[in-house]
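For reference, the structure is listed below as structure tokens.
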Amino acid sequence: MLTIKNARVTFHSGTINERKALDNVSANFSKGDFITVIGSNGAGKSTLLNAVSGARELDSGSVWLDGQDITQKREHYRARVIGRLFQDPMKGTAPNMTIEENLALAYGRGQRRGMSASIKKADRLVFAEALSKLGLGLEERMKSKVGLLSGGQRQALALLMATIVPPKLLLLDEHTAALDPKTSLQVMDITNAIVGEHSVTTLMVTHNVKDALQTGNKTLLMSNGRIMMILEGERRKSMTLEKLLELYSLEGGEFSDKMLL
Ligand SMILES: Nc1ncnc2c1ncn2[C@@H]1O[C@H](COP(=O)(O)OP(=O)(O)OP(=O)(O)O)[C@@H](O)[C@H]1O
Ligand SMILES: [Mg+2]
């Protein structure tokens with residue numbers, strides 16, 4: 001479903017600051033896989049997601065989605081079928097637009113319909129139902145400006161926007177990291193519900209090892225621009241934080257403190 005072949009991304013190539021953010025990375029994921037991605041700071045996690053979304057061009061290698069080589073496809077083209085969420089809750093939504101306007105924009109994604117089109121009654125019903133599933137009461141506030149929402153509410157809305165037209169692939173880059181622990185849990189629950197409902201193939205970067213092992217069906221460990229291991233099945237089920245730490249350091253990886261929280 002998603003295949004990455006020999007992907008390389010190097011920053012500051014040929015200088016003293018040269019940094020191989022992706023060092024010959026290859027991986028193959030199936031439809032419906034929910035892959036969590038962990039690794040220390042600078043391991044290449046965001047670069048991997050950027051390479052898939054098209055935000056970062058590869059030096060060499062290729063990215064395939066649903067059997068199609070999308071390596072040369074521009075980011076905006078890929079965005080029609082790839083949903084994305086970042087750490088910053090301010091990024092995924094437009095603050096000066098209302099909740100329903102934001103959703104309408106996302107709902108029209110991939111179609112030629114411009115944002116000038118007024119919101120149809122039927123669409124509004126779809127939005128209200130989707131919002132009510134979040135359990136945050138946002139369906140009562142559809143005409144409120146998104147700028148008035150809390151970080152967690154915005155992130156939940158951004159998640160809904162990314163999936164209201166189910167994408168082929170969902171990329172989440174530490175999307176709960178900027179939220180307080182309680183809100184973070186809530187947004188993780190919402191994430192699991194939304195991903196589960198549509199069986200969206202998902203890559204989720206997290207710094208929380210426990211979340212990484214408990215969420216989804218595969219865990220990818222990165223270090224120094226390489227995939228160190230992919231855990232799945234029984235091996236993943238029986239993996240503990242301690243064992244993982246040991247394996248990771250044996251392979252030369254370093255856990256940052258925040259990963260152990
Ligand atoms: N735009 C850039 N210019 C120069 N170097 C970059 C750029 N983006 C990333 N890098 C470098 O590439 C390496 C991988 O970065 P990346 O952001 O992918 O790491 P990460 O695993 O997401 O880390 P973090 O946990 O801090 O988010 C790092 O050494 C980083 O400094
Ligand atoms: Mg990152």
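Counting starts at 1 for both ligands and their atoms, in listed order.
Distances from atom 26 (O) of ligand 1 to the heavy atoms of Leu48, Leu49, Asn41 put Asn41 nearest. Counting heavy atoms only, Gly42 comes closest to atom 28 (C) of ligand 1 of the residues Gly44, Ala51, Gly42.
Atoms of ligand 1 lying under 4.0 Å from any heavy atom of Thr47, numbered from 1 in the order shown and given with element: 14 (C), 15 (O), 16 (P), 18 (O). Remark: ligand 1 atoms within the under-4.0 Å shell around heavy atoms of Ala43 are 19 (O), 20 (P), 21 (O). Close contacts between ligand 1 and Ser40 involve ligand atoms 21 (O) [criterion: under 4.0 Å to a heavy atom].
Taking 4.0 Å as the cut-off between side-chain N and carboxylate O, Glu197 and Lys133 count as a salt-bridged pair. Ion pairing between Asp23 and Arg226 holds under the 4.0 Å rule for side-chain N and carboxylate O. Comment: Glu234 engages Lys237 in a salt bridge, judged by a side-chain N to carboxylate O separation of less than 4.0 angstrom.
Met239 and Leu220 sit in two unconnected hydrophobic clusters of ILVMFWY residues. Membership requires side-chain heavy atoms under 4.5 Å apart, directly or through other members. With hydrophobic clusters built from ILVMFWY side chains whose heavy atoms lie under 4.5 angstrom apart, Ile99 shares a cluster with Leu160.
Taking any N or O of Ala21, backbone or side chain, none lies under 3.5 Å from an N or O belonging to ligand 1.
Residue-level proximity to ligand 1 for Lys45 is carried by backbone and side chain together, each with a heavy atom below 4.0 angstrom.
Within 6.0 Å of CD on Gln72 lie no more than 12 heavy atoms contributed by other residues, nucleotides or ligands.
Inclusion of Thr47 in the first shell of the Mg ion (ligand 2) is not supported: no N, O or S atom falls under 2.8 Å.
Residues Thr15 and Asn17 have side chains that never bring a donor and an acceptor to within less than 3.5 angstrom of each other.
Taking 4.0 Å as the cut-off, His12 counts as a neighbour of ligand 1 on heavy-atom distance. For the ligand labelled ligand 1, residue Gly225 lies outside the 4.0 Å heavy-atom shell. Heavy atoms of Arg56 come nearer than 4.0 angstrom to ligand 1 in at least one pair.
Side-chain contact between Asp173 and Lys45 is absent, with no heavy atoms from C-beta onward closer than 4.5 Å.
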